[in-house]
Chemist: 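I have a structure I would like to understand better, so I am pasting it below and will then ask my questions one at a time.
In what follows, every chain begins at residue 1, and chains take the letters A, B, ... in the order their sequences are listed. Just the heavy atoms: all of them, side chains too, but no hydrogens, waters or symmetry mates, feed the values below.
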There are 2 protein chains.
Amino acid sequence: MNQSFPSKLLEHAVDAFATLPGIGRRTALRLVLHMLKQEEEHVDSFAKALTDLRKNVKHCKICHNICDTDTCEICADELRDKSTICVVQSIQDVMAIENTQQYQGVYHVLGGIISPIDGIGPSDLNISSLVERVKEGNIKEIILALSPTTEGETTNFFISRKLQPYNVRISTIARGVSVGEELVYTDEITLGRSIINRIEFKTKEL
Amino acid sequence: MNQSFPSKLLEHAVDAFATLPGIGRRTALRLVLHMLKQEEEHVDSFAKALTDLRKNVKHCKICHNICDTDTCEICADELRDKSTICVVQSIQDVMAIENTQQYQGVYHVLGGIISPIDGIGPSDLNISSLVERVKEGNIKEIILALSPTTEGETTNFFISRKLQPYNVRISTIARGVSVGEELVYTDEITLGRSIINRIEFKTKEL
């Protein structure tokens with residue numbers, strides 16, 4: 001869409017929105033024209049929320065999760081089990097696992113996964129700080145909760161090798177048929193794994 | 001998605017993005033985390049583009065199109081035919097028609113269409129200023145280019161009645177089968193209209 005904009009100001013705002021992932025120029029125009037209809041204070045507070053975030057947000061010095069203070073709420077929580085670390089790719093993953101309310105340990109945010117195609121190597125990720133945490137002791141288990149892709153498996157392998165010298169249990173989250181999912185719609189690899197990694201049937205769990 | 005955010009700053013930015021049309025909280029989070037990875041200057045200029053637009057953008061005093069000066073480029077252009085006014089709903093419509101490079105007249109942006117359900121009446125639209133333009137004379141034709149919906153037809157009817165006292169030709173844009181579209185995939189109403197409003201076959205046009 002090679003559009004001639006009636007206003008340079010409009011064009012600049014559309015250009016800015018179009019830099020966002022998944023937002024094309026047509027959508028950007030729609031969003032900007034929506035903003036234009038809002039009160040000036042609303043637009044100002046929208047802009048301020050963004051600049052404030054970028055300027056003042058911090059990353060937890062322990063687990064690299066996003067936070068407003070030096071240490072994130074999870075690491076600072078005395079009730080969490082500090083001997084279990086769940087290794088995740090991103091902040092979204094922390095939020096997703098927290099939403100399940102099933103995990104009482106702490107996290108370690110890698111900030112990505114090893115992906116040679118995208119030029120992301122182990123040194124670009126928060127791996128050495130994870131090794132440091134384990135080296136300091138008192139860690140009993142590392143749960144690798146990365147995506148079940150080639151990149152995820154590579155990263156799992158790299159981390160597990162780095163942690164081999166230390167006396168720590170390493171596990172990965174279970175792969176299997178989704179709860180509520182029909183067997184016939186499950187992909188073959190997942191279904192195959194769910195048979196290999198079958199678990200003992202306990203009436204209690206039902 | 002009832003999420004607990006690890007940071008208030010993050011939550012505020014996500015809340016801001018989620019006010020945009022078609023952007024849910026999950027998408028908002030993805031966009032905000034993308035912004036967070038950008039340089040601080042990039043985020044600042046993004047925010048500035050928005051606030052600058054809201055603060056400084058103007059609407060053409062003749063046609064209500066968006067512009068940076070008092071009169072838009074189209075109305076100020078001496079080569080455009082000022083005796084033909086194309087009435088459109090929004091600024092996007094002006095841009096869409098301009099992109100066709102088939103129209104040499106000027107525009108009048110209503111800023112919406114009559115829609116009792118949404119509480120939009122004739123007085124909420126730029127209709128009286130259109131009547132003023134016609135009243136001042138020198139207007140030969142009004143082209144109604146609104147959406148072919150009930151609301152669009154209602155607005156067409158209202159405007160045409162308002163313009164009845166003046167000696168001006170009123171037309172609407174042609175409805176018909178899209179160029180390149182297969183007949184079988186055209187909806188019945190459009191196909192029906194395309195037969196009723198058939199035009200003389202000219203070999204020259206091919």
Chemist: Measure distances from B/I74 to the heavy atoms of chain A and classify the residue's part below 4.5 Å as side chain, backbone, both or neither.
Modeler: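 Neither the backbone nor the side chain of B/I74 comes within 4.5 Å of chain A.
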
Chemist: So which of B/H12, B/K55, B/K37, B/K48 has the biggest tally of heavy-atom pairs under 4.5 Å with chain A?
Modeler: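 So the answer, after comparing B/H12, B/K55, B/K37, B/K48, is B/K55.
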
Chemist: Taking only residues two or more places apart in sequence, or in another chain, which ones meet B/E132 in a salt bridge (charged side-chain N to carboxylate O under 4.0 Å, His left out)?
Modeler: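 B/E132 satisfies salt bridge (charged side-chain N to carboxylate O under 4.0 Å, His left out) with B/K135 only.
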
Chemist: Any idea which heavy atoms bring B/P21 and A/L31 closest together, and the distance?
Modeler: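 Looking at all heavy atoms of both residues, the shortest contact is O-CD2, 3.5 Å.
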
Chemist: With sequence neighbours excluded, what pairs up with A/H64 under the ring-ring contact (aromatic ring centres under 6.0 Å, His included) test?
Modeler: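 ring-ring contact (aromatic ring centres under 6.0 Å, His included) list for A/H64, sorted by chain: A/H108.
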
Chemist: First locate atom CG of A/L36, then atom CD1 of B/I91, and finally report the distance between them rounded to the nearest 0.5 Å.
Modeler: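 Here the rounded value is 6.5 Å.
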
Chemist: Need one label for A/D44: side chain, backbone, both or neither, based on atoms under 4.5 Å from any heavy atom in chain B.
Modeler: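 For A/D44, heavy atoms of backbone and side chain both lie under 4.5 Å from chain B.
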
Chemist: Which residues pass the side chain to side chain contact (heavy atoms under 4.5 Å, CB included) test with B/T69, sequence neighbours left out?
Modeler: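 Side chain to side chain contact (heavy atoms under 4.5 Å, CB included) list for B/T69, sorted by chain: empty.
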
Chemist: Using heavy-atom distances under 4.5 Å, tell me whether A/L50 contacts chain B through its side chain, its backbone, both, or neither.
Modeler: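 Both backbone and side chain.
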
Chemist: Give the member of A/E73, A/E40, A/M35 that has the highest number of heavy-atom pairs under 4.5 Å with chain B.
Modeler: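 Answer, by heavy-atom pair count under 4.5 Å with chain B: A/E40.
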
Chemist: About how many Å separate CG of A/L53 and OG of B/S7, when rounded to the nearest 0.5 Å?
Modeler: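 The distance works out to 6.5 Å.
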
Chemist: Listed by residue number, which members of residues 109-131 of chain A have a heavy atom under 4.5 Å from any heavy atom of chain B?
Modeler: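 Answer by number: none.
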
Chemist: Does B/K162 have more than 12 heavy atoms from other residues, nucleotides or ligands lying within 6.0 Å of its NZ?
Modeler: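 Check fails, neighbour count at 12 or below.
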
Chemist: Looking at A/K58, A/R54, A/E98, which one has more heavy-atom pairs under 4.5 Å with chain B than the rest?
Modeler: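 Heavy-atom pairs under 4.5 Å are most numerous for A/R54.
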
Chemist: Carefully, step by step, assess B/Q38 and A/T19 under the rule side chain to side chain contact (heavy atoms under 4.5 Å, CB included).
Modeler: CA-CA 11 Å; B/Q38 308 305 307; A/T19 63; over 6 Å; no

Chemist: Is B/L10 close to chain A through its backbone or its side chain, or both, or neither, when contacts mean heavy atoms under 4.5 Å?
Modeler: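 Both backbone and side chain.
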
Chemist: Counting only heavy atoms from other residues, nucleotides and ligands, does the tally under 6.0 Å from CG of B/D187 exceed 12?
Modeler: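 Yes, CG of B/D187 has more than 12 neighbouring heavy atoms, counting only those of other groups under 6.0 Å.
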
Chemist: Which one wins on heavy-atom pair count under 4.5 Å against chain A: B/V14, B/V57, B/T27?
Modeler: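 Going by pairs under 4.5 Å, I would pick B/V57.
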
Chemist: Contact part of B/C67 toward chain A, heavy-atom cut-off under 4.5 Å: side chain, backbone, both or neither?
Modeler: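 Both the backbone and the side chain of B/C67 come within 4.5 Å of chain A.
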
Chemist: Counting neighbours of CZ on B/R175 that are heavy atoms of other residues, nucleotides or ligands and sit closer than 6.0 Å, is the number greater than 12?
Modeler: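 Above 12, so yes.
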
Chemist: Which atoms of B/N56 are under 4.5 Å from chain A, going by heavy atoms: the side chain, the backbone, both sets, or neither?
Modeler: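 For B/N56, heavy atoms of backbone and side chain both lie under 4.5 Å from chain A.
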
Chemist: So which residue, B/P6, B/S90, B/C72, ends up with the most heavy-atom pairs under 4.5 Å with chain A?
Modeler: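 Result: the option with the highest number of such pairs is B/P6.
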
Chemist: Would you say A/N197 has more than 12 foreign heavy atoms packed within less than 6.0 Å of its CG?
Modeler: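 Above 12, so yes.
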
Chemist: Taking B/F46 as the fixed residue, which of A/T51, A/D15, A/L20 is the one that meets the side-chain contact (heavy atoms from CB on, under 4.5 Å) rule?
Modeler: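 Testing B/F46 for a side-chain contact (heavy atoms from CB on, under 4.5 Å) against A/T51, A/D15, A/L20 leaves exactly one candidate, A/L20.
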
Chemist: Grab the two heavy atoms, one from B/Q92 and one from A/R30, that are nearest each other, plus how far apart they are.
Modeler: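 In this case the closest contact between B/Q92 and A/R30 is NE2-CA, 4.1 Å.
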
Chemist: At a 4.5 Å cut-off on heavy atoms, which part of A/L33 comes close to chain B: side chain, backbone, both, or neither?
Modeler: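 The side chain, not the backbone.
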
Chemist: Do B/D68 side-chain atoms and A/K8 backbone N/O form a donor-acceptor pair below 3.5 Å?
Modeler: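 Answer holds: yes.
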
Chemist: Only pairs of heavy atoms separated by less than 4.5 Å count here; which of A/A49, A/C60, A/G22 has the most with chain B?
Modeler: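 Most heavy-atom pairs under 4.5 Å with chain B: A/A49.
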
